[in-house]
Enquirer: 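Quick one: the structure is below, and I'll ask about it shortly.
All values derive from a computational prediction rather than experimental measurement. The figures that follow rest on heavy atoms only: side chains count, while hydrogens, waters and symmetry mates do not. Start at 1 with the first residue, then count along the sequence.
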Amino acid sequence: MKNYTINDLHLLMLHAGYAVHNGDWNWQNVKSPFARIYYVSEGTAQIIMPDGIHQLTPNHLYLIPPNTLHTDICTGHFVHYYVHIYEDPSYDTNVFDEADFPFELDALPEDERLMQRLIDLNPQMRLPQSNPRSYDNQPSIFSNIQVNLSRSFPDRLESRGITYTFEARFIREARPKEHATDDRIRKTLKYIRHHIGEPIDVGTLSSMVYLTKDHYIRLFRKQTGFTPNVYITNKKMERAELLLLSTDIPIKQIARDLGYEDLSYFIRLFRKYANTTPQHYRSTTN
């Protein structure tokens with residue numbers, strides 16, 4: 001990973017709580033623009049991730065990054081603490097875009113106490129129910145953000161310290177996200193991340209690394225599995241999802257903030273990516 005400073009992190013908490021389940025934590029194809037951290041205290045469950053099936057067991061911490069499609073499976077007793085966090089989209093840096101994080105870590109003896117302290121500080125941040133479709137929507141998330149911002153400064157400060165403590169555990173074991181091995185492609189991937197709010201021209205990217213446009217496109221696809229345009233669009237749509245859920249910025253302005261002056265074109269791209277319109281995504285559950 002690059003050499004981050006504390007000022008590069010802009011993590012905000014959406015939810016924190018404690019949940020007891022008995023075979024009723026079963027949610028299919030969950031995908032959210034925020035990250036989930038779990039501490040399991042009792043029982044077991046499973047999560048199906050893109051890389052396979054993972055067991056959740058007591059005295060371990062787990063991290064599901066933003067925009068990760070997963071399925072939760074629970075057939076018996078399962079008790080866990082949860083924290084949902086997202087990165088402030090008004091900043092250019094994004095640690096989840098920059099690094100691959102471990103899914104599982106051994107918990108430390110003080111972790112359960114820290115989780116309990118976090119939910120004691122934030123009783124209003126607990127989920128009313130565990131079904132993601134009940135809270136993974138703009139009215140719920142935007143309301144929680146406003147509640148979060150209205151808390152006293154000492155509570156927000158201590159809560160952020162605890163949240164950063166858990167994030168630091170995963171950052172310590174994280175690795176740079178660049179799956180591309182070619183330095184030329186890695187250079188342009190970094191450029192894309194840091195200019196996601198601007199129009200990005202493939203010709204500009206290819207000229208940055210002294211390749212013809214056609215050669216660059218072939219090399220990019222070989223290294224990432226996507227054409228440059230598809231990769232850029234996917235990253236912009238991920239940012240759009242977060243902005244739609246976490247802010248009340250008008251959709252036309254979100255399109256402009258992502259480099260799209262043509263609102264109709266932005267809506268078509270979003271529909272192709274998310275199988276729904278931006279307005280429907282914002283106003284209804286996922």
Side-chain angles (χ1 to χ4, degrees), residues 6 9-21 24-25 27 30-43 45 47 56-68 70 72 74 78-89 95-96 101-171 242 245-247 285-286:
I6 194 67
L9 295 179
H10 306 282
L11 302 176
L12 301 173
M13 183 175 65
L14 283 174
H15 311 108
Y18 175 79
V20 179
H21 296 281
D24 59 345
W25 192 68
W27 317 114
V30 180
K31 179 176 174 288
S32 309
F34 54 82
R36 293 167 163 85
I37 295 177
Y38 298 138
Y39 170 86
V40 179
S41 58
E42 298 177 32
I47 293 183
L56 277 60
T57 58
N59 303 315
H60 288 85
L61 292 170
Y62 299 94
L63 171 65
I64 302 175
N67 305 301
T68 302
H70 62 282
D72 304 324
C74 173
F78 177 60
V79 182
H80 71 288
Y81 296 84
Y82 58 84
V83 183
H84 297 169
I85 57 177
Y86 74 104
E87 293 193 88
D88 190 333
V95 69
F96 290 112
F101 291 86
F103 173 73
E104 178 180 11
L105 295 175
D106 291 335
L108 298 179
E110 64 268 24
D111 285 343
E112 186 167 13
R113 177 181 58 81
L114 286 172
M115 283 287 189
Q116 186 61 58
R117 177 59 180 165
L118 188 63
I119 63 177
D120 287 346
L121 285 167
N122 302 280
Q124 72 277 37
M125 308 301 284
R126 188 167 186 167
L127 293 171
Q129 52 182 303
S130 293
N131 187 345
R133 289 173 176 79
S134 72
Y135 63 80
D136 196 357
N137 55 76
Q138 198 271 351
S140 174
I141 289 177
F142 189 70
S143 174
N144 265 46
I145 290 172
Q146 301 311 305
V147 169
N148 196 350
L149 295 175
S150 69
R151 296 173 302 153
S152 70
F153 177 71
D155 283 356
R156 284 189 288 129
L157 182 62
E158 186 175 355
S159 297
R160 179 169 293 189
I162 295 172
T163 302
Y164 276 34
T165 295
F166 285 115
E167 184 65 22
R169 305 269 175 78
F170 289 94
I171 288 177
L242 178 57
L245 290 183
S246 65
T247 75
T285 56
N286 288 328

Enquirer: Just how far is it from atom CG of Leu105 to atom CZ of Arg169, taken to the nearest 0.5 Å?
Expert: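 Result: 8.5 Å between the selected atoms.
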Enquirer: Quick one: closest heavy-atom pair of Pro33 and Asn67, and the distance?
Expert: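 Heavy atoms only, the tightest pair is CA-OD1, 3.7 Å.
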Enquirer: Identify, with sequence neighbours excluded, every residue that meets salt bridge (Lys or Arg N to Asp or Glu O under 4.0 Å) alongside Arg156.
Expert: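 Here no residue qualifies.
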Enquirer: Which value, rounded to the nearest 0.5 Å, describes the distance between His84 atom NE2 and Ile37 atom CD1?
Expert: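 Nearest 0.5 Å value for the NE2-CD1 distance: 9.5 Å.
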Enquirer: How far apart are the closest heavy atoms of Ile119 and Ala16, and which atoms are they?
Expert: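 Of all heavy-atom pairs spanning Ile119 and Ala16, the closest is CG2-C, 3.6 Å.
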Enquirer: If we check side-chain contact (heavy atoms from CB on, under 4.5 Å) with Glu104, which of these qualifies: Leu61, Val40, Thr57?
Expert: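 So, applying the side-chain contact (heavy atoms from CB on, under 4.5 Å) to Glu104 and each of Leu61, Val40, Thr57, only Thr57 qualifies.
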Enquirer: Would Asp120 and Gln116 satisfy side-chain contact (heavy atoms from CB on, under 4.5 Å), going step by step from the backbone distance to the final call?
Expert: CA-CA 6 Å; Asp120 287 346; Gln116 186 61 58; 3.0 Å; yes
Enquirer: Would a distance-only check, ignoring hydrogens and angles, find a side-chain to backbone donor-acceptor pair under 3.5 Å from Asp111 to Leu108?
Expert: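 Side chain of Asp111 to backbone of Leu108, a donor-acceptor pair under 3.5 Å: yes, one is there.
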Enquirer: To the nearest 0.5 Å, what is the distance between NE2 (His80) and NE2 (His60)?
Expert: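 Answer for the NE2-NE2 pair, His80 versus His60, is 16.0 Å.
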Enquirer: Assess the pair Phe96 and Tyr86: is the distance between their ring centroids shorter than 6.0 Å?
Expert: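 For Phe96 and Tyr86, the ring centres are not under 6.0 Å apart.
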Enquirer: Measure the shortest side-chain to side-chain distance between Phe78 and Asp24 over non-hydrogen atoms and say whether it is less than 4.5 angstrom.
Expert: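 A side-chain contact is absent here, since even the closest heavy-atom pair is not under 4.5 Å.
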Enquirer: Looking at every heavy atom in both Phe103 and Ile47, which two are closest together, and how far apart are they?
Expert: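 That closest heavy-atom pairing would be CZ-CD1, 4.2 Å.
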Enquirer: How far apart are the C-alpha atoms of Met115 and Phe166, what are their side-chain angles, what is the distance that settles it, and do they pass the side-chain contact (heavy atoms from CB on, under 4.5 Å) test?
Expert: CA-CA 9 Å; Met115 283 287 189; Phe166 285 115; 3.7 Å; yes
Enquirer: Give me the atom names and distance for the closest heavy-atom approach of Leu11 to Tyr164.
Expert: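 For Leu11 and Tyr164, the tightest heavy-atom pair comes out as N-OH, 3.4 Å.
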Enquirer: Considering all heavy atoms of both residues, which atom of Ser41 and which atom of Pro58 are nearest to each other, and what is their separation?
Expert: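 Closest approach of Ser41 to Pro58: O-CB, 3.8 Å.
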Enquirer: For Ile162 and Arg160, what are the C-alpha separation, side-chain angles and deciding distance, and is it a side-chain contact (heavy atoms from CB on, under 4.5 Å)?
Expert: CA-CA 5 Å; Ile162 295 172; Arg160 179 169 293 189; over 6 Å; no
Enquirer: Is the closest side-chain heavy-atom distance between Glu167 and Thr165 below 4.5 Å?
Expert: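 Side chain of Glu167 against side chain of Thr165, heavy atoms only: no contact under 4.5 Å found.
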Enquirer: Please report the interatomic distance CG(Leu118) to CG(Asp155), rounded to the nearest 0.5 Å.
Expert: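 So the CG of Leu118 and the CG of Asp155 are separated by 10.5 Å.
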Enquirer: First locate atom CG of Leu114, then atom CD of Glu112, and finally report the distance between them rounded to the nearest 0.5 Å.
Expert: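 Between atom CG of Leu114 and atom CD of Glu112 there are 10.5 Å.
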Enquirer: Closest approach of Ala107 and Tyr39, non-hydrogen atoms and distance?
Expert: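 Heavy atoms only, the tightest pair is CB-CE1, 3.4 Å.
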Enquirer: Measure up the His15 and Phe34 rings against each other and bin them: parallel (under 30°), tilted (30 to 60°), perpendicular (over 60°).
Expert: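 Because their plane-to-plane angle is over 60°, the rings of His15 and Phe34 count as perpendicular.
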Enquirer: With Tyr38, which of Tyr82, Phe170, Trp25 fulfils ring pair (Phe, Tyr, Trp, His ring centres under 6.0 Å)?
Expert: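 Considering Tyr82, Phe170, Trp25, a ring pair (Phe, Tyr, Trp, His ring centres under 6.0 Å) with Tyr38 is found only for Trp25.
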Enquirer: Which value, rounded to the nearest 0.5 Å, describes the distance between Leu157 atom CG and Arg151 atom CZ?
Expert: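 It comes to 10.0 Å.
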Enquirer: Whether the side chain of His10 engages the backbone of Glu87 through a donor-acceptor N/O pair (distance < 3.5 Å, no angle test) should be reported.
Expert: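 Not at all, since once roles are kept as given, no pair shorter than 3.5 Å links the two residues.
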Enquirer: Among all residues two or more places apart in sequence or in another chain, which pass the salt bridge (Lys or Arg N to Asp or Glu O under 4.0 Å) test with Arg117?
Expert: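 Salt bridge (Lys or Arg N to Asp or Glu O under 4.0 Å) check on Arg117 returns Glu158.
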